[in-house]
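This is a predicted model, so every value here is computed, not measured. Atoms considered below: every heavy atom in the structure, side chains included; atoms not considered: hydrogens, waters and symmetry mates.
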Amino acid sequence: MLQRKKRCVAGVLRGMLACVLMVAMLFGMVPGAMEVQAAEDSTFTQECQVANRAYTYTTIDDRTVTTTTEGKPKLLVFFRMTCQFSQAGVRAICQGSYDFSGVDIIAAEADGHSKAEVTEFKNTYGSDDITFAYSVESTIEDSMWNYVFAAGKSGITFPVMVYVDKNNQVQCVSAGVYDEESIVANLEKYCGVKISEKGQDVSPDPSVQMPTQEEIKAKFAEFPGLLNEETDTYAVAPRTTSPYEAGRMSAGSLQNALNALNFVRYVAGLSSNVKLDEDYITKAQTGVLVNAVNQVMSHQPVQPAGFPDDLYEIGATGCGSSNLGMGYSSVKSSVLSGWLYDGSQSNIDRLGHRRWVLNPGMSMTGFGNVDGYTAMY
């Protein structure tokens with residue numbers, strides 16, 4: 001762990017600035033590029049329960065991401081590239097000993113550095129497991145201060161971390177907290193998510209009621225044909241040439257995929273009442289359309305030539321928040337033989353796809369299939 005030889009503190013102003021800041025807060029103004037005093041409470045972990053506001057950031061791979069959660073906790077990490085505490089905090093999350101795959105993490109550079117500079121920072125201290133965003137105008141800095149003010153603070157030490165639960169409620173804001181154990185403790189306490197060490201076998205939660213073999217057999221009987229090989233059909237056929245059409249899987253194929261998902265969740269002792277969400281279906285289906293047009297499976301697909309902007313934005317969002325598959329005749333087989341199995345060398349060390357299938361808090365999902373490119377949002 002790095003020794004605290006110097007503090008990466010935002011601000012040097014005192015006295016009148018505090019009064020100006022209070023007035024700005026009362027009228028909903030944001031200080032913009034203004035720096036705030038390094039007060040005694042500039043390093044803190046502050047509990048708070050406020051509704052999370054929706055901000056959008058631009059990522060270093062040219063996507064747009066939002067601070068809003070959608071059924072999964074989110075950690076917002078506001079960092080300063082030159083700050084050793086920021087470097088240590090990002091490294092702890094990306095290169096440390098804990099598995100943070102159960103949390104959506106956005107690392108947002110709040111000091112106005114360029115896309116190329118933030119990309120270099122990511123390559124040094126980060127990884128592909130979390131999303132890196134850079135400043136466009138002052139969006140990131142402004143939103144960071146709004147979170148700090150909502151926590152009742154006016155001075156900070158980088159990094160600033162905002163812990164948002166799966167219901168899109170801000171539960172905690174911290175500043176100057178960068179060690180791995182503290183980040184894990186805050187996520188578990190404020191976001192209700194279990195963070196385990198990488199490669200660690202996790203013992204079952206004693207509160208989970210595992211079904212008996214007879215109960216599993218009875219549940220299996222409710223889904224005749226669950227293991228049958230079949231090909232997904234469409235209510236609206238997708239079109240992979242201009243004019244592009246995302247299409248929609250048939251009700252029967254969507255239900256087959258949902259039955260597979262709910263059955264394996266039942267076997268694992270989890271809620272088996274996940275339902276389909278129309279918005280999620282659209283995002284998943286449009287996402288696999290983009291992948292099918294590109295003929296590349298990617299969570300960050302490039303926009304195909306001539307592909308409509310609005311359709312691409314939906315598809316990119318779908319790809320970025322979905323389990324993806326390629327070469328499957330049905331989403332049902334993707335669930336059972338792909339994402340649940342998760343045995344390839346690129347996934348077996350962390351089982352990220354299986355974790356999404358068996359996400360305890362999941363209540364809604366959506367599926368898509370175009371030319372064997374599959375998705376579960």
Around atom [atom1] of [X], are there more than 12 heavy atoms from other residues, nucleotides or ligands closer than 6.0 Å?
{"X": "Glu222", "atom1": "CD", "value": "yes"}
{"X": "Gln300", "atom1": "CD", "value": "yes"}
{"X": "Asp129", "atom1": "CG", "value": "yes"}

Calculate, to the nearest 0.5 Å, the distance between atoms [atom1] and [atom2] belonging to [X] and [Y] respectively.
{"X": "Thr365", "Y": "Leu254", "atom1": "OG1", "atom2": "CG", "value": "10.0 Å"}
{"X": "Lys189", "Y": "Thr45", "atom1": "NZ", "atom2": "OG1", "value": "9.0 Å"}
{"X": "Asn262", "Y": "Gln255", "atom1": "CG", "atom2": "CD", "value": "8.5 Å"}
{"X": "Met161", "Y": "Leu187", "atom1": "CE", "atom2": "CG", "value": "9.0 Å"}
{"X": "Glu229", "Y": "Ser330", "atom1": "CD", "atom2": "OG", "value": "7.0 Å"}
{"X": "Leu261", "Y": "Phe263", "atom1": "CG", "atom2": "CZ", "value": "12.0 Å"}

Would you say [X]'s side chain and [Y]'s backbone share a donor-acceptor pair under 3.5 angstrom?
{"X": "Ser114", "Y": "Glu117", "result": "yes"}
{"X": "Tyr163", "Y": "Glu188", "result": "no"}
{"X": "Asp99", "Y": "Ser101", "result": "yes"}
{"X": "Thr66", "Y": "Thr68", "result": "yes"}
{"X": "Ser253", "Y": "Met249", "result": "no"}
{"X": "Gln285", "Y": "Ala246", "result": "yes"}
{"X": "Gln95", "Y": "Tyr125", "result": "yes"}
{"X": "Ser135", "Y": "Glu141", "result": "no"}
{"X": "Arg239", "Y": "Glu245", "result": "no"}
{"X": "Arg265", "Y": "Ser271", "result": "yes"}

[X] versus [Y], closest heavy-atom pair with distance:
{"X": "Leu336", "Y": "Leu226", "value": "CD1-O, 4.0 Å"}
{"X": "Asp165", "Y": "Gln171", "value": "OD2-NE2, 2.8 Å"}
{"X": "Phe367", "Y": "Val331", "value": "CD2-CG1, 3.5 Å"}
{"X": "Ser321", "Y": "Tyr377", "value": "CB-CE1, 3.5 Å"}
{"X": "Asp277", "Y": "Tyr280", "value": "OD1-N, 2.9 Å"}
{"X": "Val77", "Y": "Ile105", "value": "CG2-CG2, 4.2 Å"}

For residues [X] and [Y], determine if any side-chain heavy atom of one lies less than 4.5 Å from a side-chain heavy atom of the other.
{"X": "Thr67", "Y": "Asn52", "answer": "yes"}
{"X": "Asp232", "Y": "Ser329", "answer": "no"}
{"X": "Ser250", "Y": "Tyr234", "answer": "no"}
{"X": "Met144", "Y": "Leu76", "answer": "no"}
{"X": "Asn273", "Y": "Lys275", "answer": "yes"}
{"X": "Tyr134", "Y": "His113", "answer": "no"}
{"X": "Leu75", "Y": "Ile183", "answer": "yes"}
{"X": "Ser97", "Y": "Glu180", "answer": "yes"}

Chi angles and distances behind the salt bridge (Lys or Arg N to Asp or Glu O under 4.0 Å) call for Arg80, Asp111: CA-CA 6 Å; Arg80 173 173 281 174; Asp111 210 24; 3.4 Å; yes
Any ion pair linking [Y] and [X] (charged N to carboxylate O, less than 4.0 Å)?
{"X": "Lys72", "Y": "Asp104", "value": "yes"}
{"X": "Asp342", "Y": "Arg355", "value": "no"}
{"X": "Lys115", "Y": "Glu109", "value": "no"}

Do you reckon [X] sits in the same ILVMFWY cluster as [Y], going by side-chain contacts under 4.5 Å, direct or chained?
{"X": "Val357", "Y": "Phe223", "result": "yes"}
{"X": "Tyr328", "Y": "Val335", "result": "no"}
{"X": "Val302", "Y": "Tyr373", "result": "no"}
{"X": "Met362", "Y": "Phe100", "result": "no"}
{"X": "Val296", "Y": "Tyr244", "result": "no"}

Lys NZ or Arg CZ of Lys153 over Phe44 ring: under 6.0 Å, within 45°: yes
Within 45° cone of Phe132 ring axis and under 6.0 Å: Lys122 NZ or CZ: no
Can you tell me if [X] and [Y] form a side-chain donor-acceptor pair at under 3.5 Å?
{"X": "Thr43", "Y": "Thr157", "result": "yes"}
{"X": "Tyr178", "Y": "Gln87", "result": "no"}
{"X": "Ser334", "Y": "Thr374", "result": "yes"}
{"X": "Tyr57", "Y": "Thr131", "result": "no"}
{"X": "Ser182", "Y": "Asp179", "result": "yes"}

Trace of the salt bridge (Lys or Arg N to Asp or Glu O under 4.0 Å) decision for Lys283 with Glu278: CA-CA 9 Å; Lys283 289 175 178 176; Glu278 287 298 321; over 6 Å; no
Candidate pair Ile106 and Lys74, rule side chain to side chain contact (heavy atoms under 4.5 Å, CB included), full reasoning: CA-CA 8 Å; Ile106 298 176; Lys74 184 165 285 188; 4.2 Å; yes
Ring centres under 6.0 angstrom apart (Phe79, Phe121): yes
Ring centroid separation Tyr55 to Tyr147 under 6.0 Å: yes
Whether Tyr312 and Phe307 hold their rings parallel, tilted or perpendicular, with breakpoints at 30° and 60°: perpendicular
Working for side chain to side chain contact (heavy atoms under 4.5 Å, CB included), residues Arg63 and Thr58: CA-CA 6 Å; Arg63 293 182 296 120; Thr58 300; over 6 Å; no
Verdict with reasoning, Trp339 to Arg354, per side chain to side chain contact (heavy atoms under 4.5 Å, CB included): CA-CA 5 Å; Trp339 303 319; Arg354 187 189 300 180; over 6 Å; no
Side chain to side chain contact (heavy atoms under 4.5 Å, CB included) between Val288 and Asn369, worked out: CA-CA 6 Å; Val288 290; Asn369 185 353; 5.5 Å; no
